[in-house]
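Take a look at the structure below.
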Amino acid sequence: MSKTHEEYMEEYLRLDKHQRIPFRLTLHFLFCSKCRNEVKALTKAEKLSAEPLNVPVPLKDDTIQKVLAKVNSNLAPQKKRNLIPRWVSSGIILILTMLSLGYITRSFDNEYYTFWAFMLFTIAFIVYILVFFASNMELFIKRINTKTHKGSGSPA
């Protein structure tokens, strides 16, 4: 019993993506130009539908941001302040505190107070570094991603 073109195409369409085409189906496609052209058209349509759409959007102003701000104020882009100068100044203050602490504790006769003064400073410095990295994590992640993707040739 011979199958019709529709039955062969139905069998082809039942296959999973990237599944091997059975030999009898491949043999039919080799000799049947109608089915072969239909498979080519389906393959081309699938490739075209998988590509991103390039629709030019003429934006002369901040239209998208204005719409987002109207829809939901939480989605509107917020200006991010650069807090790095504050972190640098507080780091300088922390270092000056350590230097003055060293100068003050030099006059102590008891090493116990000197040890705990510097231990307190060490803890404060570690907390400063941890809070700095935790609050600026997004900045560091962006820099790491741009450095790793820059030379790989893939889009970031």
Side-chain angles (χ1 to χ4, degrees), residues 1-101 118-156:
M1 182 174 141
S2 178
K3 290 185 178 182
T4 64
H5 295 289
E6 288 79 22
E7 289 172 333
Y8 280 112
M9 287 309 298
E10 283 178 20
E11 185 179 347
Y12 174 75
L13 292 173
R14 277 194 298 267
L15 296 173
D16 288 334
K17 191 172 186 176
H18 303 298
Q19 184 179 351
R20 294 192 99 178
I21 300 173
F23 180 72
R24 66 183 181 288
L25 202 55
T26 306
L27 195 60
H28 174 77
F29 289 156
L30 282 174
F31 294 110
C32 180
S33 62
K34 180 181 176 186
C35 290
R36 188 173 51 244
N37 290 337
E38 198 169 331
V39 168
K40 283 182 185 178
L42 285 171
T43 306
K44 186 175 182 180
E46 181 189 9
K47 284 181 182 178
L48 287 173
S49 67
E51 290 179 0
L53 252 130
N54 286 334
V55 179
V57 180
L59 293 177
K60 296 182 175 126
D61 57 343
D62 300 330
T63 309
I64 293 175
Q65 282 99 4
K66 288 178 184 177
V67 170
L68 283 175
K70 286 181 183 178
V71 173
N72 187 353
S73 61
N74 293 337
L75 294 177
Q78 299 169 353
K79 292 183 179 179
K80 295 189 177 187
R81 295 181 290 162
N82 187 4
L83 299 176
I84 299 295
R86 288 186 183 176
W87 281 102
V88 170
S89 61
S90 62
I92 290 172
I93 291 171
L94 193 63
I95 290 172
L96 290 175
T97 305
M98 180 193 69
L99 293 175
S100 62
L101 191 65
F118 279 104
M119 190 57 74
L120 181 66
F121 170 76
T122 304
I123 292 169
F125 190 69
I126 289 171
V127 168
Y128 168 81
I129 290 173
L130 290 175
V131 171
F132 173 75
F133 279 109
S135 63
N136 294 305
M137 189 63 70
E138 184 178 330
L139 173 74
F140 293 116
I141 290 173
K142 284 181 182 177
R143 290 208 177 168
I144 289 170
N145 283 340
T146 56
K147 286 182 182 179
T148 57
H149 291 295
K150 207 178 237 183
S152 67
S154 63

Inset, instruction - Measure the shortest side-chain to side-chain distance between Leu25 and Leu15 over non-hydrogen atoms and say whether it is less than 4.5 angstrom. - result: yes
For residues 88-98, dump all side-chain donor-acceptor pairs below 3.5 Å to protein atoms at least two apart in sequence or in another chain.
unit_1	atom_1	unit_2	atom_2	d
Ser89	OG	Pro85	O	3.2
Ser89	OG	Arg86	O	2.9
Ser90	OG	Arg86	O	3.1
Ser90	OG	Trp87	O	2.9
Thr97	OG1	Ile93	O	2.7

Legend entry - Pairwise distance CG(Leu13) to CD(Glu10) - rounded to 0.5 angstrom: 8.0 Å
Legend entry - Interatomic distance, Cys35 atom SG to Glu6 atom CD [nearest 0.5 angstrom]: 8.0 Å
Inset, instruction - To the nearest 0.5 Å, tell me how far Tyr128 OH sits from Phe121 CZ. - result: 10.5 Å
Legend entry - From CA spacing to verdict: side chain to side chain contact (heavy atoms under 4.5 Å, CB included), Met9, Val39: CA-CA 8 Å; Met9 287 309 298; Val39 168; 3.9 Å; yes
Inset, instruction - Rounded to the nearest 0.5 Å, what's the gap from OG1 on Thr4 to CD on Glu7? Could you check? - result: 3.5 Å
Legend entry - From CG (Asn37) to CG (Leu42), nearest 0.5 Å: 11.0 Å
Legend entry - CZ (Phe125) with more than 12 external heavy atoms under 6.0 Å: no
Legend entry - Which atom of Arg36 lies closest to which atom of Phe31, heavy atoms considered: NH1-N, 4.1 Å
Inset, instruction - Find the distance between CZ (Phe29) and CD (Glu38) and round it off to the nearest 0.5 Å. - result: 8.5 Å
